[in-house]
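Have a look at the structure below before the remarks.
The sequence lines fix the lettering, A, B, ..., with proteins before strands; numbering per chain opens at 1.
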Protein chains: 2
Amino acid sequence: MSKKIQKRDAEVSKALIISSAIELFSQKGYASTSMDELSKLCGLNKAMVFYYFKNKKGLYEAVMSQVLNEIQKSILKENQKHSKPIDELESFIYTYAKFACSHPYLPALLLKELSDSGAIMPEKLFSSMRELFALFSDILKRGEEKGCFQDSIPMVLYFMVIGTLNLMVTTKPLRDKASQKDDIVVDTCANCDIDEIADYIIKKIEQMLKDNK
Amino acid sequence: MSKKIQKRDAEVSKALIISSAIELFSQKGYASTSMDELSKLCGLNKAMVFYYFKNKKGLYEAVMSQVLNEIQKSILKENQKHSKPIDELESFIYTYAKFACSHPYLPALLLKELSDSGAIMPEKLFSSMRELFALFSDILKRGEEKGCFQDSIPMVLYFMVIGTLNLMVTTKPLRDKASQKDDIVVDTCANCDIDEIADYIIKKIEQMLKDNK
DNA sequence: TATAATCAACTAAATAGTTAATTAGTCAGG
DNA sequence: CCTGACTAATTAACTATTTAGTTGATTATA
């Protein structure tokens, strides 16, 4: 019953702005997103954006912080259900894959951010990213101590996992388009679903971590 | 001696514009690169850019086509020195790694392009990218036929290789910064050089392609 | 009635692209 | 070896549009 069909509500307005901003920033990037277009999309006056988020950069920070928090929470929650490093690793990869697929703005935003070395990266976002990597890194380290993983360079493996997943998501339209061409014949996995891909990555990462004798 | 200290030369001017454009596009992205800034950087009048490249998009196409051609030529040239799939695969990864490291604009431009699903991707660039992947894919296929590779999904493996290498290059400054922090302790490979990384990736990719029994 | 939320209308700067004039190089004919 | 005409390269100054951000008034609500 509460909240008689939303009239004036700061929280609702803020959320509206953020969700529209997620859409635009992830599709067009930071620079190509105009505050006029954003205000039209969310149906509020442009001044509201500056009223709540001070300026464009402030809005971007709010967007990134929300998006990173979402994925971090998802992964941490799933992680707590497991205790063996190998299960944790699988859970990490699988959860990230699922999330990235159902929230495709995440890979788009992350890759954009990483491709210009955090030119506009706010400190908070930087911390979140390090925390996420720290968890991954820790899983591998504990696995090595227990003897179930060998020869890991966490940073490289991390990029193998999230780099690949992010690219598989963001390039979906391109891969579809490529599969329809017949001048160069390649299998671009246009019909693979995310579960297959995640399973394959999990299998291969585990194979990499086995003793290579 | 020739060319008495370069005065009026279309080719020189075009090259000047392109190399400045590579710098700006790769650092700031397409949208954030202004033609005024570009003209200042290359020391030519802004109208020259439009005289030679018609418009901003035309310049971008010229830039991307040159960059993609460079890497393609490098890889093809090295590829021809080998005949066994395993050597070809190593050569592909190693050459890409070396090139990406010495021409860091390539990873930046590529990741930006892939992160928005080719929103501004010209047809020619799309072809080049498919050709490069086709070579990689073909190496794996021939390897499988000969029995030296097993269980490959070329698209995923391709992104594992170039995704990881591109990210290792573009995130260098971020990884350096992270390694100086001590609130969250992680090894970000801040001191790894590209050869180590390439060797590790080669080793791991080969391990993945071994029979998993 | 006080305050928080909303808006229309504005500003100043930056932007991609244009135009018309001006150079500099080339090359044929004297 | 000039000269002048032709062309290609270059320029300054301009336009029209878009941009982030502001302001001061106006609502709604508690």
Side-chain angles (χ1 to χ4, degrees), chain A residues 1-64 112 116 119-122, chain B residues 1-64 112 116 119-122:
Chain A
M1 215 97 310
S2 67
K3 295 270 171 65
K4 49 248 136 172
I5 45 164
Q6 187 242 320
K7 273 220 148 169
R8 272 174 174 224
D9 187 324
E11 291 314 307
V12 171
S13 296
K14 268 197 252 181
L16 248 171
I17 293 171
I18 289 213
S19 71
S20 308
I22 287 180
E23 195 177 324
L24 292 181
F25 282 144
S26 67
Q27 274 167 23
K28 335 179 56 149
Y30 180 79
S32 296
T33 294
S34 100
M35 305 305 261
D36 285 276
E37 195 186 356
L38 170 70
S39 61
K40 256 169 227 150
L41 181 64
C42 69
L44 290 169
N45 189 280
K46 186 168 62 141
M48 295 307 289
V49 181
F50 296 91
Y51 179 62
Y52 287 121
F53 299 98
K54 190 178 175 201
N55 53 28
K56 190 178 181 182
K57 207 180 161 193
L59 173 62
Y60 180 75
E61 291 191 18
V63 161
M64 292 308 281
K112 280 182 221 300
D116 45 56
I120 42 171
M121 185 179 306
Chain B
M1 218 94 304
S2 67
K3 294 269 172 63
K4 49 250 134 171
I5 44 162
Q6 185 242 322
K7 273 221 149 170
R8 276 177 169 219
D9 188 323
E11 292 314 308
V12 170
S13 296
K14 266 197 253 183
L16 247 171
I17 293 172
I18 290 214
S19 71
S20 308
I22 287 181
E23 195 177 324
L24 291 181
F25 282 144
S26 67
Q27 273 167 22
K28 336 179 55 148
Y30 181 79
S32 296
T33 294
S34 102
M35 305 305 262
D36 285 276
E37 194 187 356
L38 170 70
S39 61
K40 256 168 230 151
L41 181 64
C42 69
L44 290 169
N45 190 280
K46 183 166 65 138
M48 296 306 288
V49 181
F50 296 91
Y51 179 64
Y52 287 122
F53 300 97
K54 191 179 174 199
N55 52 29
K56 191 178 179 181
K57 207 180 159 193
L59 173 62
Y60 180 75
E61 292 191 18
V63 161
M64 291 307 280
K112 280 182 220 300
D116 48 55
I120 43 171
M121 185 181 304

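Between the NZ atom of B:K40 and the P atom of D:dA12 there is a distance of 12 Å, rounded to whole Å. Rounded to an integer number of Å, the gap from B:F53 CZ to C:dT18 P is 16 Å. Counting to the nearest Å, the P atom of C:dA14 and the NZ atom of B:K46 are 13 Å from each other. Distance B:L59 CG to C:dG17 C1': 13 Å, rounded to the nearest Å. For the pair A:Y30 OH and D:dA20 P, the interatomic distance rounds to 8 Å; values are reported in whole Å. Rounded to an integer number of Å, the gap from CG of B:D36 to P of D:dA12 is 13 Å. Distance B:M35 CE to D:dA16 P: 21 Å, rounded to the nearest Å. Following rounding to the nearest Å, B:L16 (CG) and D:dA9 (P) show an atom-to-atom distance of 14 Å.
Ring geometry for B:Y30 versus B:F25: interplanar angle under 30°, hence parallel rather than tilted (30 to 60°).
When side chains are defined from C-beta on, A:E37 counts as touching A:L24, because their heavy atoms get closer than 4.5 Å. Side-chain contact check for B:L44 versus B:V49: every heavy-atom pair is 4.5 Å or farther apart.
On a pure distance criterion of 3.5 Å, no polar donor-acceptor pair joins the side chain of B:K56 and the base of C:dG17. You won't find any donor-acceptor pair under 3.5 Å spanning the side chain of B:R8 and the base of D:dT10, going by distance alone.
Nucleic acid contact class of B:Y52 (heavy atoms, under 4.0 Å, all strands): sugar-phosphate only. Using a 4.0 Å heavy-atom cutoff across all strands shown, B:A47 reaches at least one base atom of the nucleic acid. At a threshold of 4.0 angstrom between heavy atoms, the contacts of A:M48 include nucleobase atoms, whether or not backbone atoms are also involved. When heavy atoms are screened at a 4.0 angstrom cut-off, A:T33 is found touching the sugar-phosphate backbone but no base atom.
Listed nucleotides: C:dA5, D:dT10, C:dG17. Nearest to the side chain of B:Y51: D:dT10. Of the listed nucleotides (D:dT19, C:dG17, D:dT11), D:dT11 has the atom at the smallest distance from the side chain of B:L44.
Here the closest non-hydrogen pair linking B:L16 and B:S20 is O-OG, 2.9 Å. Taking every heavy atom of both residues into account, B:D116 and A:Q27 meet most closely at CB-O, 3.9 Å.
Side-chain N/O atoms of A:S13 include none lying less than 4.0 angstrom from OP1 or OP2 on C:dA5.
Comparing A:E37 and A:N45 along DNA chain D, the residue whose closest nucleotide (by nearest heavy atom) sits nearer the 5' end is A:E37.
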